[in-house]
Asker: 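A single structure is presented below for examination.
Atoms within each ligand, like the ligands themselves, are counted from 1 in listed order. Residue numbers start at 1 and run along the sequence shown.
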Amino acid sequence: MDSWDKLKNDCAGCRRCSLGDTRRHLVFGDGNTDAEIMFIGEGPGEQEDIQGVPFVGPAGQLFDKMMEMIDLDRTKFYIANIVKCRPPRNRDPLNVEQDACNEWIRRQIALVDPKIIVCLGRISAQAIIKEDFRITREHGEWFDIDGRHVMATYHPSALLRDISKRPEAFMDLRAIRKEIRSVCTRTY
Ligand code: URA
C-alpha cells in the first residue's frame, strides 16, 4: 500500500535525471491531498525552484487569479508538475527527464484519486492524455483516462505571453466549473 509519507520519502533527493544536479529545491506538490480535482503543470520555474512550491511565480499568480474566478483555491485542489525539478533556463523538460520523473506523478494521481484532472499546457497534456495532443485544437475537450474526467487548457505562462488566448482559456474555466458541479460530490 502506497502512502504520502512513503512517496515523499522515495521522491526526496531524487537523482534519476540530471535536473537533480542543478535544482535548488525539488518541487513536490501543493494543495489538498484529498481533493476531487487535480491540476498538473509542466515543471518548476525560477520562483518555484527557490521556494520549493509549485505555481508561485508570475504564471502561478495568474493561475491563482483564474482559480478565484471559479471559486477554487489550494484548499480545494491538489497541484503538481510532470517534472519535479526546474529545467535550466525554463526549457521544455526532455522526454528522458519526463520518463525518469513519471513514477512520482503517477503515484500522486493514485493517492489523490481525483475525479477530475486538468492538464496545464501541452507538455502535461501529452504526458497524461495522449502523446500527440494538440493544445490549440484539443484544449477544453474532456477525455476519459482510467475512469477520470481529464481536460487540458492553456498553460498560464502561454496566457501571459499571448493575451489573445485568454477568452478561450476562460471558456475552459467555465467548462471546468460545470464539470465540477456535475461530478464532484463535495460542495465547491
Ligand atoms: N510552470 C509550471 O508548469 N509549473 C510550475 O510549478 C510553475 C510554472
Asker: For atom 6 (O) of ligand 1, state which one of Val53, Asn90, Asn81, Ile82 supplies the nearest heavy atom.
Answerer: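 It is Asn81 whose heavy atom sits nearest to atom 6 (O) of ligand 1.
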Asker: If the threshold is 4.0 Å, N to carboxylate O, is there a salt bridge linking Arg91 and Glu97?
Answerer: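 Between Glu97 and Arg91 there is a salt bridge, with a charged N closer than 4.0 Å to a carboxylate O.
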Asker: Hey, is ligand 1 close enough to Ser157 that some N/O pair sits below 3.5 Å?
Answerer: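 No.
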Asker: Evaluate the ring planes of Tyr154 and His139, with Trp represented by its six-membered ring, and classify them as parallel (under 30°), tilted (30 to 60°) or perpendicular (over 60°).
Answerer: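 Ring orientation, 0 to 90° scale: tilted.
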Asker: A quick test of your reading: do over 12 heavy atoms of other residues, nucleotides or ligands sit less than 6.0 Å from NZ of Lys178?
Answerer: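 No - once you tally the heavy atoms of other residues, nucleotides and ligands closer than 6.0 Å, there are 12 at most.
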Asker: Which is closest to atom 5 (C) of ligand 1 by heavy-atom distance: Pro58, Pro93, Ser124, Gly43?
Answerer: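 Ranked by closest heavy atom to atom 5 (C) of ligand 1, first place is Gly43.
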Asker: Answer side chain, backbone, both or neither: which part of Glu48 comes under 4.0 Å from ligand 1, heavy atoms only.
Answerer: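 Side chain only.
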Asker: Do any N/O atoms on Pro44 end up under 3.5 angstrom from N/O atoms on ligand 1?
Answerer: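 Between Pro44 and ligand 1 (N or O atoms, distance only) the closest approach is not under 3.5 Å.
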Asker: Looking at Asp144 and Arg148, is any side-chain nitrogen of the basic one under 4.0 Å from a carboxylate oxygen of the acidic one?
Answerer: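 Judged by the 4.0 Å cut-off on N to carboxylate O distance, Arg148 and Asp144 do not form a salt bridge.
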Asker: Is any NZ, NE, NH1 or NH2 atom of the basic residue among Asp99 and Arg16 found under 4.0 Å from an Asp or Glu carboxylate oxygen of the other?
Answerer: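 Salt bridge: no.
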Asker: If you measure from atom 1 (N) of ligand 1 to every heavy atom of Glu42, Glu46, His155, Arg86, which option wins on shortest distance?
Answerer: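 It is His155 that holds the nearest heavy atom.
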Asker: Can you tell me if Gln47 has a non-hydrogen atom under 4.0 Å from ligand 1?
Answerer: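 It does not, in that no heavy atom of Gln47 comes within the 4.0 Å cut-off of ligand 1.
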Asker: Out of Arg86, Arg24, His25, which residue meets the side chain to side chain donor-acceptor pair (under 3.5 Å) rule with Asp49?
Answerer: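 Output: one option passes, namely Arg24.
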Asker: Are the side chains of Leu173 and Thr153 in touch, meaning some heavy atoms are under 4.5 Å apart?
Answerer: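 Heavy-atom side-chain distance check fails, nothing below 4.5 Å.
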Asker: In terms of atom number and element, which parts of ligand 1 are under 4.0 angstrom from non-hydrogen atoms of Pro54?
Answerer: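 Those qualifying, in numeric order: 6 (O).
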Asker: For Gly41, counting its heavy atoms only, list the atoms of ligand 1 lying under 4.0 Å from any of them.
Answerer: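 The list of qualifying atoms is 3 (O).
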Asker: Could you say whether the N/O atoms of Phe55 and ligand 1 ever approach to under 3.5 Å?
Answerer: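 Among all N and O atoms of Phe55, at least one is under 3.5 Å from an N or O of ligand 1.
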